[in-house]
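Report on the structure given below.
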There are 2 protein chains.
Amino acid sequence: MKNITIGEVAEQAKVSKSTVSQYLNKRYEYMSEATRKRIEAAIEELNYHPNIVARSLKQKSTFTVGVIVANILHSFSTQILRTIENDLNKTGFHVIICNADDQPEKERNYIEMLLAKQVDGLIIFPTGGNIDLYEQMKKKNFPVVFMDRKIEELGIDTVMLDNHQAARMAISEFVESDYTKISIITTSIIRNTSPRVERIEGYKAAMTEHGLPVLPEYIKTADAEDLQGVLQELFALEAPPEAILAGNDIVLIEVLKFAKEHRLAIPGDVAVIGIDEVSFASFYTPPITVVAQPTIKMANKATELLLEQINSENKTARTAIYRLQPSLIKRDSC
Amino acid sequence: MKNITIGEVAEQAKVSKSTVSQYLNKRYEYMSEATRKRIEAAIEELNYHPNIVARSLKQKSTFTVGVIVANILHSFSTQILRTIENDLNKTGFHVIICNADDQPEKERNYIEMLLAKQVDGLIIFPTGGNIDLYEQMKKKNFPVVFMDRKIEELGIDTVMLDNHQAARMAISEFVESDYTKISIITTSIIRNTSPRVERIEGYKAAMTEHGLPVLPEYIKTADAEDLQGVLQELFALEAPPEAILAGNDIVLIEVLKFAKEHRLAIPGDVAVIGIDEVSFASFYTPPITVVAQPTIKMANKATELLLEQINSENKTARTAIYRLQPSLIKRDSC
DNA sequence: CTGTTAGCGCGTTCAT
DNA sequence: ATGAACGCGCTAACAG
């Protein structure tokens, strides 16, 4: 019923605890063949498994990292999560997944709990609402990497999309197809998260470059539940947009719903490009053109950076923001 | 740089460690207002946070549970995961997520590691390949609940869909629309997982009830990458099916791809019903009829059962299989 | 009300 | 080659 300990193994094998410990840590150099066999047998017989918690207490390493996503509803998050989990497990780490739900208070809680649990590192999609905590970890040299969003002036490794480029690619694509009335819609969160801001900036820059006017009424931001209303407004305009850039998968879905309900032909009545690849893009009618994030590469990079931090003693770790390039997947919605 | 301990707080506050411990555990009944304040101040000043690992070592509880999904690629898994995480976090538990990738060896590894890490309980989508481990946990009275798949004769709490009913609902729907040549396609895994088997059984039973022949060539099972081939075969038949029941979201996607590529009109050339709700079902062209699993309820039930087990000392826990009912979401693909 | 003491399970010198 | 003893950070009697 109860868990057996190293002591009981030692007893069973007629040796001392430390000898068993040696064995467990594969330091059998100074150990007779005979005792080794005995220990092996004892472990087998008792079905002994070392208590990692106790080991962690001593060794200061739990082989566990925490991942805090801003919002688990985005397909982007789950894709990233999937490959982080995969990468990290290969290295023998477990990952505790937490969903901050875009709420800084939740994020704060998670960070504190995870630190108290002595995780070896953290990958965070920061809400931006806990600068003090971020700074504290940075100062303590605790392994952290940010994903998707950057927090300026903090010097924390960050991997994110080249959002400017993502917006540009989409706009160029629209322009090539001779659309000029182009709208961008993003989901809003209270804080000005960098992806949202940057995508809008990129949109503006690209529009200007193409000699197109930047009209505020074409730039929309709303919570998921208000998206239909926003779309109503957009199409009630005197000059409704001919093309919509959906800032993420959730927006894209709402746009497609709207188009369906209002019998707007894509791309006839309105062209659409989404940021973030979605499961149905390739076989939708029409197939949806999309600017895809290199989620696998991003996740790989993040775990790589984190492991580097975890395994390096030197505090002179140079930090950087890694911007990965999006790719346009041309299909027929534009 | 280093973490501060309860000892340093005690020192700072001029009391003993145990008094600080009392304070931390909110047992300030027998503590002078003054010392309480001092401790509070010391904690604040030192920015002290208790080391949960050390606490766990003593208390035998890590407030962490592990969830091992069979295959994280299924939307069903991620939906379940999402609400388990949510439910459990409300109760102060963290969740370590592992993806067994349908490989029993991986599952075995995860179970052993998680147990060694002293998690308080496990929710498993069992591969079925580690009966000995399951039995062992059961015997030790270790909190476990199975999700989605049952392992017979083990007496472990299990929450799963009424798969028979799911298949029946779909078949009835097809029959009501006068389809008679009905095929079912599922993804295969080496082991005979119960959902797959039960859905096929349900299909057969329903077909028979409706006086329809059960044709082996209409019952297909394949890995995701072979699904297109299977569909080829199906439509190369002398009497190709008029309707397809897709056993899960992955199959559904492949069916829709196939239909698109081969210009098969839905439901004109082939009617389709999927098991598992998908993000695009409601606004696809045509909107896809689907048998949805009550994922939220299932996850709620699982965490409820797990917490019950964790919080109960009595080993007379009666166990059961909880079958939740699917619901048909009628749309236009059939 | 507060301090002393003794573990929790394991790893690590330091002797032997 | 092996064992005794101590410490990791915290909790829990038990004194006082």
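What you see is a predicted model, and the numbers here were worked out from it, not measured in a lab. Convention: sequence-line order gives letters A, B, ...; per-chain numbering from 1.
Rounded to whole angstrom, the span from the CG atom of A:N25 across to the P atom of C:dG9 amounts to 18 Å. As a whole-Å value, the separation of A:Q59 CD from C:dG9 P is 17 Å. The interatomic distance linking A:I52 (CD1) with C:dG9 (P) rounds to 15 Å, in whole Å. Between the C1' atom of D:dT2 and the CZ atom of A:R38 lies a distance of 11 Å, rounded to the nearest Å. The separation between B:I43 atom CD1 and D:dC10 atom P is 10 Å, rounded to whole Å. For the pair A:Y23 OH and D:dA1 P, the interatomic distance rounds to 17 Å; values are reported in whole Å. One interatomic measurement links the two molecules: CG of B:L57 to C1' of C:dG9, which rounds to 6 Å at whole-angstrom precision. A straight line from NZ of A:K117 to P of D:dC8 spans 24 Å, rounded to a whole angstrom.
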Between B:Y134 and B:F146, does the ring pair (Phe, Tyr, Trp, His ring centres under 6.0 Å) criterion hold? Intermediate values first, please. CA-CA 10 Å; B:Y134 308 152; B:F146 283 158; 5.1 Å; yes
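In this structure, the nucleotide among C:dC10, C:dT2, D:dG9 sitting nearest to the side chain of A:T5 is C:dC10. Proximity note for A:L24 (side chain, C-beta onward) versus C:dG11, D:dT11, D:dT2: the nearest is C:dG11. Across D:dT2, C:dT12, D:dA13, the shortest atom-to-atom separation from the side chain of A:T19 is found for D:dT2.
Within the 4.0 angstrom heavy-atom criterion, only backbone atoms of the sugar-phosphate kind lie near A:S32; the bases stay farther away. Counting non-hydrogen atoms under 4.0 angstrom, B:Y48 reaches the backbone sugars and phosphates but no base. In this structure, A:K60 reaches the sugar-phosphate backbone alone: every heavy-atom distance under 4.0 Å involves primed, P, OP1 or OP2 atoms, never a base. No engagement by B:S56 is indicated, since no non-hydrogen atom pair under 4.0 Å with the nucleic acid exists.
Counting non-hydrogen atoms of other residues, nucleotides and ligands closer than 6.0 Å to CD of A:E11 gives a total of 12 or fewer.
Taking the six-membered ring where the residue is Trp, A:H94 and B:Y110 present tilted rings, their angle falling between 30° and 60°. Note on ring orientation: taking the six-membered ring where Trp is involved, the planes of A:F63 and A:F93 are tilted (angle from 30° to 60°).
In this model, no side-chain donor or acceptor of A:K58 finds a partner on the base of C:dG9 within 3.5 Å.
With respect to the salt-bridge test (charged N to carboxylate O, under 4.0 angstrom), the residues A:E304 and A:K301 qualify.
Along DNA chain C, the nucleotide nearest to A:Q22 and the one nearest to A:K17 differ in position, and the one closer to the 5' end is contacted by A:K17. Taking the nucleotide of DNA chain C with the nearest heavy atom to each of A:S18 and B:A54, the more 5' of the two is matched to B:A54.
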